[in-house]
Each structure stands twice: as structure tokens, then as C-alpha cells.
Amino acid sequence: MKKQFLELPAVTCDGNFTARYSEKGLAELNFPKVGRASPRAAKKEIFPAKICGWHRVTEAALKNVLAGRAPKKFPPLDLAGTDFQKSVWRALRKISSGKTKSYGEIARAIGKPKAVRAVGGACGANPVPVLIPCHRVLAADGKIGGFSGGLDWKRRLLAREGVKV
DNA sequence: TCCGTATTGAACT
DNA sequence: AGTTCAATACGGA
């Protein structure tokens, strides 16, 4: 039996994101599917109160980041990944709104200065974009780099935070 | 074990 | 200023 996540739509001005929750917290967040209506027509599932509470926090945090502000509160995260990836994601969360770092700086921050490319890989594997601000990581020369959700999103998020590319 | 990667910096035109 | 290239850590197959 495969691990099952409870899935909820997180409605924002930029579209309907999809949040997935495990027993322990937010496990995944997906960008809105382009050209598609709401990802989920709820079919009267019963959601534990715990998860409803998390979801409210998630949605509020999401809206804040999209508006270019730092969220007051984060939901608990239940991230599936290797130790290396988790340490990268932890470092990413230390980048405050409006700031940027390079892949090399992240690598140094986790004590593995040579692991610059692996950092890129971990960013791409980030299950919770936006809340874990992988979009604030640029290449060392200020170039935009890449983004799993599409470069348009990366540029949009950075623009909202007042970052010039 | 081999391959690709959201990199980097140096050494070249 | 643009191009090439090797080094490098990690994860997936």
C-alpha cells in the first residue's frame, strides 16, 4: 500500500496551488497547472481538523510570499529526502525575502563548498517550492539559473520581492 | 558504475 | 564579452 497524501487546493491570485499533507505536515506543494481549472473538485472527504489548521497556515504563508512579504508562520513540513537534501532545504529557508544567494554560497553554508552542482540538484528536488524559497538562488554571476516550476515563476517571484535580474 | 545536473571559475579566443 | 573545459558531490538507474 503506497503512502497516501491528503490533497487540498490552495487558492491564490496566481492560481490554485495543490498542497499535499501527510500525518506529520505539509509534504508537497505544486504550482497551478496552466490552462486548467481548479485541480480538485472536492468529493466530500473528511479532513482531520489538524490538517485544516495546517492548510490555513499554508495558504496564508503562500499568499504572503506571492505578495513579496515574509510569512509570519509556517506549517510543519514533512519533507521526503536524503540528509543532504534536507540540509540544503534548511539552508534555503534562511534566505530572507528580497535577498538572493548563489548555489556556491548555499554549498558553503552547509559545509560542502565543492558540492555546488549537487545543491542545484537538491533545489530541483525541493517538494515545497515558494515556501522553501528555491527561487532566491541565482547563479554566481547573477544569472537566473533554472527552476523546476518554470523560469516564468522564478522571475515572477523575484520581481514581487523587488529583486532585479 | 555510469550518467546527468537549476554550477563554478579559470583559461582561452 | 563569449566559449570551452575540467572538477566536483550527489542521486537515480
Side-chain angles (χ1 to χ4, degrees), chain A residues 1-5 7-10 12-36 39 58-59 61-71 74-165:
Chain A
M1 188 59 166
K2 200 147 162 234
K3 176 110 187 169
Q4 198 71 24
F5 294 119
E7 189 177 281
L8 287 171
T12 74
C13 307
D14 295 279
N16 296 356
F17 288 65
T18 303
R20 288 201 175 85
Y21 297 89
S22 72
E23 287 303 309
K24 304 177 121 174
L26 178 64
E28 227 177 285
L29 188 65
N30 293 317
F31 285 102
K33 304 191 235 327
V34 285
R36 181 63 61 198
T58 299
E59 204 169 42
L62 189 54
K63 286 176 179 168
N64 271 315
V65 176
L66 290 172
R69 292 191 320 231
F74 285 93
L77 301 178
D78 180 25
L79 305 176
T82 65
D83 288 342
F84 174 80
Q85 288 170 330
K86 286 183 202 162
S87 63
V88 170
W89 299 334
R90 202 161 31 245
L92 292 181
R93 295 193 55 188
K94 295 200 192 113
I95 312 176
S96 50
S97 182
K99 301 287 191 66
T100 63
K101 277 191 175 334
S102 72
Y103 295 95
E105 285 174 310
I106 297 294
R108 284 198 291 279
I110 62 174
K112 305 196 171 185
K114 308 273 187 79
V116 283
R117 311 186 61 177
V119 166
C123 291
N126 173 16
V128 187
V130 186
L131 260 44
I132 295 177
C134 44
H135 58 276
R136 296 189 206 153
V137 186
L138 305 180
D141 54 4
K143 284 198 310 260
I144 183 94
F147 196 63
S148 50
L151 283 178
D152 289 345
W153 274 108
K154 186 165 184 174
R155 277 190 278 263
R156 183 189 308 193
L157 290 165
L158 288 170
R160 295 274 170 80
E161 299 180 2
V163 175
K164 304 273 193 286
V165 296

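Just the heavy atoms: all of them, side chains too, but no hydrogens, waters or symmetry mates, feed the values below.
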(request) Is it possible for you to check whether A:R93 lies under 6.0 Å from the centre of the six-membered ring of A:F74, through NZ or CZ, and within 45° of that ring's axis? (result) yes
(request) Could you label the plane-to-plane angle of the A:H135 and A:F147 rings as parallel, tilted or perpendicular, counting under 30° as parallel and over 60° as perpendicular? (result) perpendicular
Length of the line joining [X]:[atom1] and [N]:[atom2], which is rounded to integer Å:
| X | N | atom1 | atom2 | result |
| --- | --- | --- | --- | --- |
| A:L158 | B:dA6 | CG | C1' | 13 Å |
| A:K86 | C:dC10 | NZ | C1' | 16 Å |
| A:Y103 | C:dA7 | OH | C1' | 19 Å |
| A:I110 | B:dT7 | CD1 | P | 15 Å |
| A:I106 | B:dA6 | CD1 | C1' | 12 Å |
| A:R108 | C:dT8 | CZ | C1' | 15 Å |
| A:K143 | B:dT7 | NZ | P | 9 Å |
| A:I144 | B:dT8 | CD1 | P | 13 Å |

(request) Could you tell me which nucleotide pairs with B:dA6 by Watson-Crick or G-U wobble geometry, both distances under 3.5 Å, or answer none if nothing does? (result) none
(message) Only pairs with both distances under 3.5 Å count, Watson-Crick or wobble alike; so what is the partner of C:dT8 in this structure?
(response) none
(request) Indicate whether OP1 or OP2 belonging to C:dC10 is found under 4.0 Å from a side-chain N or O atom of A:K112. (result) yes
(request) Using a cut-off of strictly less than 4.0 Å, decide whether A:T82 has a side-chain nitrogen or oxygen near OP1 or OP2 of C:dG11. (result) yes
Is [X] touching bases, backbone alone, or none of the nucleic acid, heavy atoms closer than 4.0 Å?
| X | result |
| --- | --- |
| A:G104 | sugar-phosphate |
| A:A118 | base |
| A:S148 | base |
| A:F84 | sugar-phosphate |

(message) Looking at A:T82, is its backbone amide N or carbonyl O close enough to the side chain of A:Q85 to form a donor-acceptor pair, meaning the two atoms are under 3.5 Å apart?
(response) yes
(message) Strictly distance-based, threshold 3.5 Å: is any side-chain N or O of A:K154 a donor or acceptor partner for the main-chain N or O of A:G149?
(response) no
Quick one: which of [options] gets closest to the side chain of [X]?
| X | options | answer |
| --- | --- | --- |
| A:C123 | B:dG9, B:dA6, B:dT7 | B:dA6 |
| A:Q85 | C:dA9, B:dT8, C:dG11 | C:dG11 |
| A:A140 | B:dA6, B:dT7, B:dG9 | B:dG9 |

(message) More than 12 heavy atoms of other residues, nucleotides or ligands under 6.0 Å from CZ of A:R69: yes or no?
(response) no
